[in-house]
J.: 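Quick one: structure below, then a few questions.
If you read the sequence from its start, that first residue is 1, and numbering goes on from there. Being a predicted model, the structure only gives us computed values, none of them experimental. Only heavy atoms go into these numbers, but all of them, side chains included; no hydrogens, no water, no symmetry mates.
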Amino acid sequence: MRVERSAQPLTLFGKALGREQLTVFTAGLHNRTEAWLAHGALRAGLVLLLPACLVGLLLVFGFNIGLALAGLMALILLVLMFLYPAMTTLVVLFVLYANLPVVAIHSYGVPEMVAASFFLLLALPFLYYITVARRPLVVNRTVVLMAAYLSVLFLSAVTSGNVEASIDRVLSFVVEGLVLYVLVINTVRTPSLLRNAMWALILAGVLMGGISLYQELTGSYDNDFGGLAVVKDSGVMDTGQTDLLGKEVKRLRLSGPLGSKNRYAQVMVVLLPIAMMRMWGERRLLLRVLAAASCIPIVGGALLTFSRGAGISIILTLLAIAFLRILKLRHLLIVGVAGFLFVSLVIPDYIYRISTAIDVAELASGNTEDASGSVRGRATVNLAALHIFLDHPLLGVGPGQTSSYMIEYGNEIGFRRLETERRAHNMYLEELADTGLIGFAFFMGILGLTLVELLRVRRAWKESDPDAGYLLAGLMVAIIAYMSTAIFLHLSYVRYYWVVLALAGAATQIFGQGIVPALIPVSPKPAGLAPRLIPLAPDQESSEAR
């Protein structure tokens, strides 16, 4: 009788909940408890190992207590980063996007190898998910395309006859492209972590843009703020104005922590749609206000570079948002007019800068004398890249080797004489010249596949979960923003490009189960699952469990 009475509540609970769901509930509770005990044992074991590690470090450093303690602190930090993978991922993304490793090299003497490999700290959460949490390795279709593209890079380098000249470009793709992509899609695994990753990038933009705004308002051009606000003497431009003595008034262009004006503008423009989508997607009013406020330093930092391409890309970004029916046309018109009036009053020199884009029309009409030197120079290198591609259409001249042909081809065009090797000012033309039609097809296939998958997954989620829809739309428009700036810039600082694509890949992996084909099967889901009744560990959160 006692056994029957104890079983009765479970039977009633099972009837109310359903046997299948009750089984899932019990299994989930068991797994959660088992994971908690395993993590507790792991932490205890690591703590017990610390004295042994200290003794070992003392022996290694010849009983130098200072070095041994520093080594122990570094070891403890690595252990903490392993045990708290979500925080590690967010910190690495923030530091990477704010370009702090490069700042550490130039301003604080950090060894280049240490700073350049900083993003490899993502290997710690990667190992945690694979070994401790026992999550499956994520390999999506984009990774396969990237591997195929790497093969084309090798083939192009070999057929060029100068493999050594392509080594840097190939290694850059492997380390800052393929490896970084795989690490990101395997560490950003939940909707909440993806959302926080978006905020990490936004905060990096606020940091960079906020310092640029302060630098402009205070006129502190001689202060680089620890390497976070570099202003180079070469960054001088005409304003179209003259002083009382009739001399042309010039001003400096800001370049943030990157030290490159146009590149700084590019990475800031990419953040604008991400911040705007958080402004609409966040449920809490405070976060929506913070997202809206973050647009000010992001746009301000981009405009203070006085990059004409950045201004055009911002316009295209807003048009893309309107095309996705997130921003209505009348609202787009209001934003456009308000933005124009704001820039005219606060940064009038930018209006003059944009007006100089008419030099392109002058050049196209054959009036080379009235076109500025920078426009003639860009036209020269871009046309040279096109001619290089036409002479080497299949596999190009080899990855990273287009610049070696620039003087030969560019000086035949005649717009501007080239004295030194230069890269094309167009990502697409340079890719064609470097790797030909075959490499270009794979390169654009990576972009196209990412955008198509984002579009498909967003269509499936935008009605049932608007926040997910905004997350996906933000990444989609961010990629479009990068693509538009790439019309005026070659592919450099490649980590920014692949970070955005990797976050897009993580988003489609998180929200695309059953929508986007997966090469590696995910954990099976029981039929008829009621997500709210299943207790999940933080690293097991799914979009259904939110």
J.: Would you say the side-chain atoms of Arg189 pair up with the backbone N or O of Asn186, donor to acceptor, closer than 3.5 Å?
T.: yes

J.: We want to know whether Ser212 and Tyr264 form a side-chain donor-acceptor pair, criterion being a heavy-atom distance below 3.5 angstrom.
T.: yes

J.: Mark yes or no for whether Asn140, through its side chain, and Val143, through its backbone, hold a donor-acceptor pair below 3.5 Å.
T.: yes

J.: Is a donor on one side and an acceptor on the other found under 3.5 Å between the side chain of Ser117 and the backbone of Leu120?
T.: no

J.: Checking the side chain of Arg135 only, and the main-chain atoms of Phe126 only, is there a donor and an acceptor separated by less than 3.5 Å?
T.: no

J.: For the CG atom of Leu472 and the CG atom of Leu324, what is their distance to the nearest 0.5 Å?
T.: 11.0 Å

J.: Counting only N and O atoms by type, is there a donor-acceptor contact under 3.5 Å from the side chain of Asn426 to the main-chain atoms of Ile487?
T.: yes

J.: Taking Tyr428 for the side chain and Met483 for the main chain, is one N or O donor matched with an acceptor at less than 3.5 Å?
T.: yes

J.: Under the side-chain contact (heavy atoms from CB on, under 4.5 Å) criterion, do Leu254 and Phe306 qualify, and how do the steps go?
T.: CA-CA 8 Å; Leu254 308 187; Phe306 293 90; over 6 Å; no

J.: With rounding to the nearest 0.5 angstrom, report the OG to CD distance, Ser307 to Gln266.
T.: 9.0 Å

J.: Below 4.5 Å, heavy atoms only, C-beta onward: do Arg495 and Tyr97 meet side chain to side chain?
T.: no

J.: Is there side-chain contact between Phe94 and Leu207, with at least one heavy-atom pair below 4.5 Å?
T.: yes

J.: Cut-off 3.5 Å, side chains only: do Arg253 and Asn262 have a donor facing an acceptor?
T.: yes

J.: Taking NZ, NE, NH1 and NH2 as the nitrogens, is one of them in Arg458 or Glu463 under 4.0 Å from a carboxylate oxygen of the other?
T.: no

J.: Quick one: does Leu471's side chain get under 4.5 Å of Trp461's, heavy atoms only?
T.: no

J.: As an exercise, state the distance from OG1 of Thr450 to CG of Leu501, rounded to the nearest 0.5 Å.
T.: 4.5 Å

J.: Suppose we screen for salt bridge (Lys or Arg N to Asp or Glu O under 4.0 Å). Which residues come up paired with Arg278, at least two apart in sequence or across chains?
T.: Glu282, Asp467

J.: Could you tell me whether Leu217 atom CG has more than 12 heavy atoms of other residues or ligands within 6.0 Å of it?
T.: yes

J.: Look at the side chain of Tyr128 and the backbone N and O of Thr187, then say whether any donor-acceptor pair between them is shorter than 3.5 Å.
T.: no

J.: Please work out whether the ring planes of His490 and His425 are parallel, tilted or perpendicular, with thresholds of 30° and 60°.
T.: tilted

J.: Do Glu431 and Thr435 have side-chain N/O donor and acceptor atoms under 3.5 Å apart?
T.: yes

J.: Which distance, rounded to the nearest 0.5 Å, do you find between the OH of Tyr470 and the CE of Met476?
T.: 13.0 Å

J.: Step by step, would you call Leu258 with Tyr496 a side-chain contact (heavy atoms from CB on, under 4.5 Å)?
T.: CA-CA 12 Å; Leu258 279 76; Tyr496 289 102; 3.8 Å; yes

J.: Applying ring-ring contact (aromatic ring centres under 6.0 Å, His included), name anything that partners Phe225, two or more places apart in sequence or on another chain.
T.: Tyr214

J.: Can you confirm whether Val138 sits close enough to Tyr129 that some side-chain heavy atom of one is under 4.5 Å from a side-chain heavy atom of the other?
T.: no

J.: Should the pair Asp465-Arg195 be classified as a salt bridge under the 4.0 Å nitrogen-to-oxygen rule?
T.: no

J.: For Pro399 and Arg169, which heavy atoms make the closest approach, and how far apart are they?
T.: CB-CG, 3.5 Å

J.: Would a distance-only check, ignoring hydrogens and angles, find a side-chain to backbone donor-acceptor pair under 3.5 Å from Arg456 to Ile515?
T.: yes

J.: Taking the side chain from Ser107 and the backbone from Ala104, do they hold a donor-acceptor pair closer than 3.5 Å?
T.: no

J.: Is a salt bridge present between Arg422 and Glu430, judged by a nitrogen-to-oxygen distance below 4.0 Å?
T.: no

J.: For Leu451 and Ile479, run side-chain contact (heavy atoms from CB on, under 4.5 Å): C-alpha distance rounded to whole Å, both residues' side-chain angles, the deciding distance at 0.1 Å, then the answer.
T.: CA-CA 8 Å; Leu451 287 173; Ile479 294 173; 3.9 Å; yes

J.: Quick check: do Leu449 and Leu145 have side-chain heavy atoms less than 4.5 Å from each other?
T.: yes

J.: Only one of Thr402, Leu491, Leu429 clears side chain to side chain contact (heavy atoms under 4.5 Å, CB included) with Asp434; which?
T.: Thr402

J.: Kindly compute the distance separating OG1 (Thr305) from NZ (Lys261), expressed to the nearest 0.5 Å.
T.: 9.0 Å

J.: Tell me, yes or no, whether the heavy-atom count around Met444 atom CE, taken from other residues, nucleotides or ligands under 6.0 Å, exceeds 12.
T.: yes

J.: Side chains of Arg263 and Asn99: any donor to acceptor distance under 3.5 Å?
T.: no

J.: Between Asp349 (side chain) and Arg251 (backbone), is there a donor-acceptor pair under 3.5 Å?
T.: no

J.: Hey, can you tell me if Tyr149 and Phe443 have their rings parallel, tilted or perpendicular (30° and 60° cut-offs)?
T.: tilted

J.: Are any of the side-chain heavy atoms of Phe488 and Arg378 separated by less than 4.5 Å?
T.: yes

J.: Show me the donor-acceptor pairs, under 3.5 Å and distance only, between side chains in residues 289-299 and residues at least two apart or in other chains.
T.:
{"from": "Ser294", "atom 1": "OG", "to": "Ala291", "atom 2": "O", "distance (Å)": "2.6"}

J.: Heavy-atom distance under 4.5 Å between the side chains of Leu503 and Val184, does that happen here?
T.: yes

J.: Given the rule in the side-chain contact (heavy atoms from CB on, under 4.5 Å) test, do Val267 and Tyr497 qualify, once you have shown the distances and angles that lead to the verdict?
T.: CA-CA 9 Å; Val267 302; Tyr497 176 75; over 6 Å; no

J.: If you measure from CG on Leu124 to OG1 on Thr88, what distance do you get to the nearest 0.5 Å?
T.: 6.5 Å

J.: Within the 4.5 Å heavy-atom criterion, are Met406 and Glu421 side-chain neighbours or not?
T.: no

J.: Give a yes or no on this: more than 12 heavy atoms of other residues, nucleotides or ligands lie within 6.0 Å of atom OH of Tyr221.
T.: yes

J.: So which heavy atom on Gly227 is nearest to which on Val103, and how close?
T.: O-CG2, 3.5 Å

